[in-house]
Amino acid sequence: MSKTLFARGARFAAVVAVCLVAAACSQTRPELTSGNSSVAAGSGQDFVVNVGDRVFFLNNQSSLDGAARGVLDKQAQWLQHYKNYSITIEGHADERGTRQYNIALGARRAAAVREYLVAKGISPSRIKTISYGKERPVAVCNAASCWSQNRRAVTVLNGQ
Amino acid sequence: MSFVMGLNPMRTTGIKQLWRRACRFVAAAVAVVTISQPAYALIELDITQGNVEPMPIAISPFAGSGLQEDVAGQISQVVAADLQRSGLFRPIDPAAHIQQEMNVGTMPRFGDWRTIGSQALVTGSIAQQANGQIRAEFRLWDVFAGQQLIGQQFFTTPENWRRLAHIISDAIYQRLTGEKGYFDTRVVFIDESGPKDARRKRLAIMDQDGANVRYLTRGDDLVLTPRFSPVSQEVTYMSYVGGNPQVYLFNIETGQREVLGNFPGMTFAPRFSPDGQKVIMSLQQGSNANLYLMDLRTRRTTRLTNTAAIDTSPSFSPDGRQVVFESDRGGSQQLYVMNSNGSGAERISFGPGQYSTPVWSPRGDLIAFTKVHQGRFMIGVIRPDGKGERILTEGYHNEGPAWSPNGRVLTFFRDTVGEQGGPQVWTVDLTGYNEQLVQTPNFASDPAWSPLLD
């Protein structure tokens with residue numbers, strides 16, 4: 001019981017800390033996120049534009065590098081603040097692998113993001129995962145630059 | 001002049017029954033012919049050797065009377081195309097035939113056929129019956145021995161003319177190679193349309209030569225990796241219906257679809273057991289995929305592997321005793337063979353690169369696979385003991401082999417580069433020399449062969 005209260009307190013502290021940082025960046029908008037001020041705070045667009053909805057992976061890998069952890073830290077903070085959202089984490093692979101393995105690899109990437117967000121205090125009950133393997137590329141050129149954009153996990157907000 | 005030619009007392013019954021009878025008749029006729037063969041001077045094709053020189057064969061345009069003239073010509077063209085695509089036969093252009101205007105009753109002038117280098121000759125006639133059906137008769141001749149090898153007749157409805165042609169092709173193939181044919185078969189596959197970043201995928205089925213494409217789903221849901229039942233007109237595949245990717249069973253005749261099992265996660269990579277009574281598949285839980293077996297009658301599921309790895313693409317040996325699958329338990333995708341109860345898994349692939357999508361030949365002698373090495377995607381075969389690896393085709397992207405029911409040909413898909421690129425279905429025989437594109441209306445992937453139809 002007291003542990004739960006403490007966890008809540010800690011989460012609240014994190015949100016307050018972020019608010020202070022945000023306020024420092026944007027004096028006129030004392031809201032959670034900074035960045036593009038034409039975007040309504042707490043909106044899906046806010047999440048995509050100002051937080052970042054996706055992280056990327058190396059070939060055949062599912063480990064989170066520093067850049068990915070940075071994005072996920074921001075996602076966790078945002079989701080702590082806007083608790084009415086549940087999320088689906090979509091795991092993807094590039095086209096340079098075989099279909100069945102890529103389905104599992106996408107799932108493994110989604111699971112890595114899920115575990116990270118849970119460790120950062122997001123309730124597992126708010127998180128669903130799905131893998132699309134190599135079936136949903138966003139970049140379609142035949143180059144490493146495109147394949148690297150497709151090796152991704154995207155956090156999708158599920159309505160308020 | 002007497003012919004080995006059975007009479008088929010047909011009654012007017014359902015098409016399916018007629019075809020069952022026709023097929024039984026094929027078996028009977030072949031048996032009769034075989035018994036009557038002397039053991040000398042007969043042409044034969046040994047297809048167990050690599051890079052066989054194709055056998056020159058003449059398919060005289062089938063004779064038709066009245067309404068059936070077009071159909072008759074088309075049937076002999078489909079027979080010629082089947083035999084040509086196998087890579088084992090070289091049909092001689094009908095324009096070069098010296099003896100023209102043959103029907104099934106015409107006695108060949110064997111000297112004329114020898115002159116144009118033909119080793120075998122096929123003649124046939126198609127006739128309209130009073131009841132609206134067609135009667136098809138054909139003969140296969142050994143040009144050098146001057147002897148008939150097969151004489152058969154069939155009755156069917158005119159719409160079935162392509163199947164009739166494929167059944168004739170199978171009879172010729174079997175008589176001349178000693179192996180069962182694979183022409184009267186179908187291929188289930190994924191039809192792909194729309195741009196690369198918004199592909200619409202539909203479950204579809206076609207004849208093995210690409211004709212008669214029929215769509216089984218509408219494209220509302222992503223569908224992947226269909227596999228034919230070895231014993232029924234059923235397909236198992238993966239579908240994202242309702243945003244919940246699961247393995248499904250689909251009945252081609254009734255159009256009914258059902259989800260397989262009630263698993264606590266995504267199921268994928270399904271395949272039937274050789275008796276058609278079970279489906280083996282992967283279940284994803286967290287970061288790991290393990291193999292499960294589901295009994296279609298009792299609906300009981302059995303867990304076969306338990307590793308912190310991706311175990312997927314399972315495929316039974318034809319005797320049902322073993323399973324080959326891919327796993328990254330050793331760090332990269334490799335092939336493993338285990339007993340069908342999940343015990344005794346041993347790695348069988350050791351070459352450079354990653355090995356995936358293994359599928360056991362219906363003959364049991366080989367396992368086909370996709371291999372990725374230095375950015376190249378290859379289709380190869382390896383013996384179940386891990387020896388004798390051979391690459392059959394290699395390029396930018398070749399993936400997902402599936403066997404013809406006689407274990408002599410593989411179908412797979414080949415993807416092309418870039419934004420406009422997309423997959424197409426190909427076949428390659430075990431020599432690796434005979435690659436053929438299967439023409440499809442749109443892009444096509446994940447082909448899987450049916451058993452011989454009955």
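Keep in mind that the numbers below use all heavy atoms, side chains included, and drop hydrogens, waters and symmetry copies. Each chain gets a letter, A, B and so on, in the order its sequence line appears, and its residues count up from 1.
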With a 4.5 angstrom heavy-atom cut-off, could you sort out which part of [X] is near chain A: side chain, backbone, both or neither?
X        : result
B:Gln333 : side chain
B:Gln354 : side chain
B:Phe369 : neither

Counting only heavy atoms from other residues, nucleotides and ligands, does the tally under 6.0 Å from [atom1] of [X] exceed 12?
X        : atom1 : answer
B:Glu346 : CD    : no
A:Gln45  : CD    : no
B:Lys196 : NZ    : yes

Among [options], who wins on heavy-atom pairs under 4.5 Å with chain A?
options                                : value
B:Asp415, B:Thr225, B:Leu222           : B:Leu222
B:Thr312, B:Asn244, B:Thr357, B:Asp446 : B:Asp446
B:Leu224, B:Thr370, B:Asn288, B:Val417 : B:Leu224

Below 4.5 Å, heavy atoms only, C-beta onward: do [X] and [Y] meet side chain to side chain?
X        : Y        : value
B:Met238 : A:Ile103 : yes
B:Met266 : A:Ser131 : yes
A:Glu115 : B:Ser287 : yes

Which bit of [X] is near chain B, if near means a heavy-atom gap under 4.5 Å: side chain, backbone, both or neither?
X        : answer
A:Glu95  : both
A:Gln100 : both
A:Asn150 : neither

Would you confirm whether B:Glu399, through its side chain, and A:Arg99, through its main-chain N or O, come within 3.5 Å as a donor-acceptor pair?
-> yes
Among A:Lys134, A:Arg109, A:Arg114, residue most engaged with chain B (heavy-atom pairs, under 4.5 Å) = A:Lys134
Name the option with the most non-hydrogen atom pairs under 4.5 Å to chain B; the candidates are A:Ala110, A:Ala107, A:Cys141, A:Ala112.
-> A:Ala107
Inter-residue atom distance A:Tyr101.OH - B:Phe268.CZ, 0.5 Å rounding | 10.5 Å
Tell me the closest heavy-atom pair linking [X] and [Y], and the distance in Å.
X        : Y        : answer
B:Asp197 : A:Pro137 : CB-O, 3.3 Å
B:Gly243 : A:Ile130 : O-CD1, 3.4 Å
B:Ser356 : A:Thr98  : OG-OG1, 3.0 Å

State whether B:Tyr396 and A:Arg96 meet the cation-pi test: NZ (Lys) or CZ (Arg) under 6.0 Å from the six-membered ring centroid, and within 45° of the perpendicular axis.
-> yes
